[in-house]
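Below, chain A is the first sequence line, B the second, and so on; all start at residue 1.
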Amino acid sequence: MKDCALAAYSWVCERTGLDQVWTALMERHIPEAKGWVGLLYTLGSATMMIFTVQAVTGFLLATNYVPSPDHAYDSVRYIDAAVLFGRVVRGLHHWGASFMVVFAVLHMLRVYFMGSYKYPREATWLAGVGLLLLVLGFSFTGYLLPWDQKAYWATVVGTTIAGQTPVVGAWIANILRGTDGMGAPTLSRFYALHVLALPALTAGLIGVHLFLVVWHGISEPPKRSPGKVP
Amino acid sequence: MSAPQEPGCGCKAKPPENIGRRDFLTRATVALGAVIAAALSATGLGYFISPAFQRRDEDWVDLGRAGEFKAGSPALVEFTQRRRDAWVTSERRSSAWVVTADGKNFTAFDPRCTHLGCPYRWDAGSSRFVCPCHTAVFGPDGKVISGPPPRPLDQYATKIAGNRLMILPKAEKKA
Ligand code: HEM
Ligand code: FES
């Protein structure tokens with residue numbers, strides 16, 4: 001049994017370099033940072049963990065959700081009231097949404113205040129900016145989906161703000177809403193963005209972001225320099 | 001990072017003497033992670049497979065006071081059936097033939113002939129159900145007396161709740 005597992009393992013890793021990939025990812029050198037400074041380095045991973053939870057709970061919610069004005073609200077109520085663990089799954093997705101923004105911003109703040117965005121990590125930072133925008137996109141599109149009063153009017157406000165843009169505002173608002181004013185196309189459009197476009201883009205950009213993180217190695221925490229402040 | 005890199009894909013056997021800080025933290029992280037992952041997966045799995053254990057609500061329909069049905073003279077009762085399908089509620093107009101011999105035991109028949117689905121009627125003169133399409137004749141118990149139908153009339157489950165007659169308009173085929 002053990003020999004067999006070992007044989008299977010060597011078969012795979014001789015052909016994929018799995019052990020080297022593992023070493024490169026999990027056993028790479030990272031800066032020595034003690035105490036809560038070390039903790040700050042976990043914020044990016046925490047954000048990624050939440051993204052995973054959002055992807056799984058989002059899939060589960062989609063198995064019972066209908067993005068149509070005549071059923072959206074009822075299908076959400078059905079998840080809450082009738083599906084086993086429905087409230088837990090919906091709660092996880094709801095709180096995960098908020099905490100993903102919180103953790104992405106905290107992570108960005110740590111990168112900012114430690115100066116980790118500086119040469120050669122500008123590309124990592126730019127990928128991060130893209131990720132933050134995507135996370136906000138998730139929040140904006142996801143908020144409409146329950147199709148209750150709060151969701152509806154929040155999106156009226158959000159799209160109207162976009163409509164204030166000089167000259168092209170009315171076009172932007174209509175493109176966001178998919179129709180003149182709010183309606184069924186708005187819900188479908190937001191749903192398509194929320195479950196198809198944004199997750200794919202986010203997963204791809206996380207890949208780029210992490211590749212760059214590993215490629216450059218993690219930056220050292222800044223040191224107090226003995227030099228004088230000019 | 002201490003052990004020299006072995007060529008190929010050797011299995012790195014670590015001597016497990018006494019556990020150092022690093023090993024301890026690794027194990028603690030993995031264990032804690034496993035607990036969290038297990039709790040989350042159990043929740044998600046339960047949610048996903050719950051339809052396997054879910055029983056559909058039975059949509060019993062109230063046909064009125066049981067005492068109002070006269071023994072020996074079947075009545076065609078029209079009703080509206082409200083069906084709940086998860087988040088969708090739909091209404092369907094339908095009808096059933098209610099037969100009682102003693103005012104206590106009730107039988108409800110699907111109003112469609114078991115031959116090809118025509119609506120049959122009660123013929124009071126002969127005390128039989130007759131179908132206009134291909135001249136089928138059924139007794140008041142639903143059995144085929146003559147004509148082409150392959151089986152007796154389909155029945156709906158009935159029950160008395162309080163003094164109301166309830167039926168479950170989902171055809172049960174009687175062989
Ligand atoms: C979906 C959102 C994000 C995820 C999943 C994510 C993930 C990560 C992870 C796992 C790391 C490894 C180091 C650490 O955790 O501190 C990292 C590093 C980094 N992230 Fe992010 N990140 C996200 C958003 C952002 C944002 C919004 C920014 C800034 C605009 C950013 C900029 C950076 C930079 C510059 C590094 C390199 C830090 C260093 O080398 O010390 N990231 N990211
Ligand atoms: S349908 Fe009733 S006899 Fe043919």
Proximal component of Phe59(A), with respect to chain B [non-hydrogen, under 4.5 Å]
side chain

Leu136(A), CG atom: more than 12 neighbouring heavy atoms under 6.0 Å:
yes

Would you indicate whether the side-chain heavy atoms of Asn64(A) and Tyr47(B) approach each other to under 4.5 Å?
yes

Look at atom CZ of Arg21(B) and say whether more than 12 heavy atoms of other residues, nucleotides or ligands are closer to it than 6.0 Å.
no

When rounded to the nearest 0.5 Å, the distance separating CG of Leu40(B) from CE of Met49(A) is 6.5 Å

Highest number of heavy-atom pairs under 4.5 Å with chain B among Val56(A), Leu60(A), Asp74(A) belongs to Leu60(A)

Are more than 12 heavy atoms from other residues, nucleotides or ligands located less than 6.0 Å from atom CZ of Phe69(B)?
yes

Portion of Ala42(B) that has a non-hydrogen atom of chain A nearer than 4.5 angstrom
backbone

Do other residues, nucleotides or ligands put more than 12 heavy atoms under 6.0 Å from the CZ atom of Phe79(B)?
yes

Under 4.5 Å from a heavy atom of chain B, the part of Tyr78(A) involved:
side chain

Straight-line distance of Trp87(B) CH2 to Tyr65(A) OH, nearest 0.5 Å:
11.0 Å

Tightest non-hydrogen contact, residues Leu84(A) and Gly46(B), listed as CD2-O, 3.6 Å

Within a radius of less than 6.0 Å around CD of Glu91(B), do more than 12 heavy atoms belonging to other residues, nucleotides or ligands occur?
yes

Ile79(A) versus chain B, the contacting section by heavy-atom distance below 4.5 Å:
side chain

Residue selection (most heavy-atom pairs with chain B, distance under 4.5 Å) from Thr57(A), Val76(A), Val66(A), Val88(A):
Val66(A)

